Every structure is written in structure tokens, then in C-alpha cells.
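Single-structure report; data block below.
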Amino acid sequence: MVSSERLLAFAAMSFLLIVVPGPSVLFVIGRALAQGRRAALTTVVGNTVGAYVLVVAVALGVGSVVERSVLVFTALKLVGAAYLVYLGVRAWRKRGSLQAAVTTDGSARGGGLRTLWEGFAVGVANPKTMVFFAAVLPQFVDRAQGQVVAQMLMLGLVFNLIAVACDSVWGLAAATGREWFARSPRRLSLVGGIGGLTMIGLGVTVAATGRKD
């Protein structure tokens, strides 16, 4: 299995990647601002599941195809970007009705499964995570020890545990700020609009992200 030295080195590199806000973090923040704490944490879970699907894909050899093919990579990237823009536009259009949707615990009413699915879709189409898993994760595998797939799955699990912790902190912090806005319909409408615009801007940024090749 993976040695403790390799595991710690991978955990350190993963933390450095995760702590810098990327598509998943910004999406969680946008969700927290637009819908509250519960939606943010549900989105974190969805993102994590989506990211682990990428780990499984890399472990089984599919990830290398995505990383090496400009066409496949670009197609996935654009689909993810378009989905982010769609969610952002929807959040912007519904910003005026957020006050009526807020419950006593500060969360917005909505479908938990739908929120989970939307988080999953963003996580599995995250180009930052996709490239990291395809290009970096295999470098920490000790092929001499065998069980390469199991090693990759373990490393991916470490990455996702760190991501859950960091993304949850971002989401809870953003949701806490939102609760202050919730005391005023006008302020709540404003923060809902900001959340929507954040997701739209993120989608445009992801779409504009290019590759050196």
C-alpha cells in the first residue's frame, strides 16, 4: 500500500490545491449565499462524490484519456461551465423570492437530492480537480508495492477528506454572513443576487480556462 511518506506528501500537496478557492469552493460559497447553510453542506457532499468519481476514473485508466485529449477535456469543461451559468442565472432570477423560502434554521427550502446532484455535476466536471488527479495522483503511487488501483483510491480518499473539511468551512462562513442579510428582504435579495452572479462568473471563468497544448 501507500507508504506514510508518500501519503503525507500527497496530503500536503492536496491541501495546497484545495485551500486556494477553485470552481468547487466558489460554487459552495455561491450556494451558501443564495440558499444557506444546508444547501452549502449538501453541495459539499455532492462535490466530494463527483470528485471521487474522477479518482475512480483515473484509477481505472479513463482519466488519462480525458487529460490527454484536448477534445474530450474541452467538451467536459464547457458542459460544466454552461451548467454553472445556468444555475447562476436561476439563482439570480429567484433572488426576490428568497425571503419566503428561508426557514427557521436559516436554510432555504428546496430539494436536497437536486442540490446534491447539482453539486455532484460541478464536482465531476471540475477541470482543476480533473487535471490534478490525472497528472499528479499517479506520481504518488508506488508501483513496486502493487495494488495500484487500491493505492489511487486511498490517495483519492485522502484528497476528498481534506476537501470536505475545507469546503465546509468556506460554506459555513458564507452561510453565517448570509444569516445577517436574511433579517432584511432587501439585503437577502442582494446576497441572493451576488450568489447567482458568483456562479455565472465562475462558469465564464471555467469556460475561458485554456490548456497549454
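Remember, predicted model here, so these are calculated numbers, not experimental data. Side chains are part of it too, since the values below use all heavy atoms of this structure and drop only hydrogens, waters and symmetry mates. Heads up: numbering here begins at 1 and tracks the sequence.
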What heavy-atom pair brings Ala32 and Gly171 nearest, and what distance separates the two atoms?
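Looking at all heavy atoms of both residues, the closest pair is CB-O, 3.5 Å.
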Search all heavy atoms of Ala59 against all heavy atoms of Met152 and return the closest pair with its distance.
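It is CA-SD, 3.4 Å.
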Please list all pairs passing the ring pair (Phe, Tyr, Trp, His ring centres under 6.0 Å) test where one or both residues lie in residues 148-169, with sequence neighbours left out.
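The answer is Phe132-Phe159, Phe133-Phe159.
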Taking transitive links into account, so neighbours of neighbours count too, which hydrophobic residues share a cluster with Leu41 at under 4.5 Å side-chain distance?
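Members alongside Leu41: Leu172.
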When clusters are formed by joining ILVMFWY residues with side-chain heavy atoms under 4.5 Å apart, either directly or through shared neighbours, do [X] and [Y] land in the same one?
{"X": "Val122", "Y": "Val164", "result": "no"}
{"X": "Phe10", "Y": "Leu161", "result": "yes"}
{"X": "Phe15", "Y": "Val169", "result": "no"}

Determine whether Gln35 and Thr43 satisfy the following criterion, side chain to side chain contact (heavy atoms under 4.5 Å, CB included), listing intermediate values before the conclusion.
CA-CA 11 Å; Gln35 296 185 16; Thr43 299; over 6 Å; no
Holding to side chain to side chain contact (heavy atoms under 4.5 Å, CB included), I want the full list of residues that pass it with Val158, two or more places apart in sequence or in another chain.
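Val158 satisfies side chain to side chain contact (heavy atoms under 4.5 Å, CB included) with Leu7, Ala11, Ile162 only.
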With rounding to the nearest 0.5 angstrom, report the [atom1] to [atom2] distance, [X] to [Y].
{"X": "Arg114", "Y": "Thr42", "atom1": "CZ", "atom2": "OG1", "answer": "12.0 Å"}
{"X": "Gln151", "Y": "Arg6", "atom1": "CD", "atom2": "CZ", "answer": "7.5 Å"}
{"X": "Leu8", "Y": "Phe140", "atom1": "CG", "atom2": "CZ", "answer": "11.0 Å"}

Donor-acceptor contacts under 3.5 Å from residues 47-58 side chains, at least two apart:
| from | atom 1 | to | atom 2 | distance (Å) |
| --- | --- | --- | --- | --- |
| Asn47 | OD1 | Gly123 | N | 3.2 |
| Thr48 | OG1 | Val44 | O | 2.8 |
| Tyr52 | OH | Leu153 | O | 2.9 |

